[in-house]
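Lettering of chains follows the sequences in order, A, B, ..., and the numbering in each one begins at 1.
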There are 2 protein chains.
Amino acid sequence: MTEPLHISDEQCRRVSGIMEVVGRRWTSGILLAVGLGAERFSEIQHRVDGLSSRMLTVRLRELEQAGLIDRIVTPTIPVSVRYRTTQRGLELLRALQPLGQYAHRWEPEPGR
Amino acid sequence: MTEPLHISDEQCRRVSGIMEVVGRRWTSGILLAVGLGAERFSEIQHRVDGLSSRMLTVRLRELEQAGLIDRIVTPTIPVSVRYRTTQRGLELLRALQPLGQYAHRWEPEPGR
DNA sequence: CTGGATCCCTATCGATACTG
DNA sequence: CAGTATCGATAGGGATCCAG
């Protein structure tokens with residue numbers, strides 16, 4: 001519980017980079033929803049409480065561009081669109097787990 | 001490498017909460033700098049490239065309020081101020097490590 | 001159903017200058 | 001040394017309406 005820090009300056013810069021994508025509002029929630037199997041636009045929106053369609057669109061594009069999810073379009077009528085996490089996205093979710101456990105240990109928050 | 005997800009919806013909400021603090025610009029860099037032993041204001045500022053004194057002040061207050069660092073004032077003349085990571089802060093840094101490793105694995109080719 | 005396009009308010013951040 | 005104060009630019013994000 002009280003081991004020394006192995007984290008490097010290098011690593012920190014990388015963490016900051018990741019944060020710029022996944023640290024934005026809604027992003028981690030969306031990524032998780034997709035990771036847990038929500039594939040459809042409306043399904044994702046329903047899972048993440050308070051999320052507007054505009055922000056969902058924006059975030060999905062960002063996640064797609066970051067290579068964290070795939071957008072799969074089937075040209076039926078009307079068009080069917082599904083979202084799936086990539087390998088990369090799954091691994092990110094896994095890398096996020098210690099953070100969830102950390103937050104759990106220290107809950108509830110004191111100040112703020 | 002390809003284990004299933006154990007992460008829960010609950011956990012995700014917590015991760016988002018953490019992100020609201022540590023996902024902001026400069027924050028993880030500052031936390032790391034302090035974690036690695038930078039104690040003085042100017043020392044921290046020097047460690048984190050491009051960081052203004054204003055933003056450093058703001059972030060230090062946020063980190064302090066979040067219980068991640070301690071601000072220790074010694075009433076000498078002039079006043080001496082030191083910053084230290086709390087137990088909580090150290091554990092957060094440790095929880096951040098997998099993210100650094102993740103970023104390292106996927107580094108060559110983030111955009112596209 | 002899956003978004004795109006606007007409008008517009010707000011929070012955030014950088015630069016600069018100043019202080020006990 | 002360790003901050004404060006002020007200002008202006010810009011990016012984030014909500015509401016609403018519209019389209020294929």
Problem set entry | Contact state string [nucleotides 13-20 of chain D, B base, S sugar-phosphate only, - no protein heavy atom under 4.0 Å] | BBB-----
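- Going from atom CG of B:L56 over to atom P of D:dA2 covers 10 Å, rounded to whole Å.
- Between B:L60 atom CG and D:dC1 atom P there is a gap of 15 Å when expressed in whole angstrom units.
- Exactly one of A:T57, A:L56, A:I30 qualifies for a side-chain contact (heavy atoms from CB on, under 4.5 Å) with A:Q45. That residue is A:L56.
- You can see that DNA chain C meets the heavy atoms of chain B within a 4.0 Å-exclusive cut from C:dT12 to C:dA15, reading 5' to 3'.
- One hydrophobic cluster holds both B:F41 and B:W26 under the rule that ILVMFWY side chains link at heavy-atom gaps under 4.5 Å.
- Residue contacts shown for A:R82 are absent, as no nucleic acid heavy atom lies under 4.0 Å away.
- Computed from coordinates, the B:I69 CD1 to D:dA2 C1' distance equals 14 Å when rounded to whole Å.
- Enclosure of atom CD in A:E20 is not indicated, since only 12 or fewer non-hydrogen atoms of other residues, nucleotides or ligands lie within 6.0 angstrom.
- For B:E62 and B:R59, the salt-bridge test passes: some basic side-chain N is under 4.0 Å from an acidic carboxylate O.
- Criterion: ILVMFWY side-chain heavy atoms under 4.5 Å apart, direct or through other members. Under it, A:V81 and A:L51 are part of a common hydrophobic cluster.
- Taking atom CD of residue B:E20 and atom P of nucleotide D:dG12, one finds them 16 Å apart after rounding to whole Å.
- Residue B:D70 holds its CG atom at 6.0 Å from OG1 of B:T86, rounded to the nearest 0.5 Å.
- Atom CD1 of B:I44 and atom C1' of D:dC1 are 13 Å apart (whole Å).
- Panel note: side chain A:Y102, backbone B:R88; a donor-acceptor pair is recorded below 3.5 Å.
- Here the straight-line distance linking atom CZ of B:R82 with atom CD of B:E43 works out to 11.5 Å at 0.5 Å rounding.
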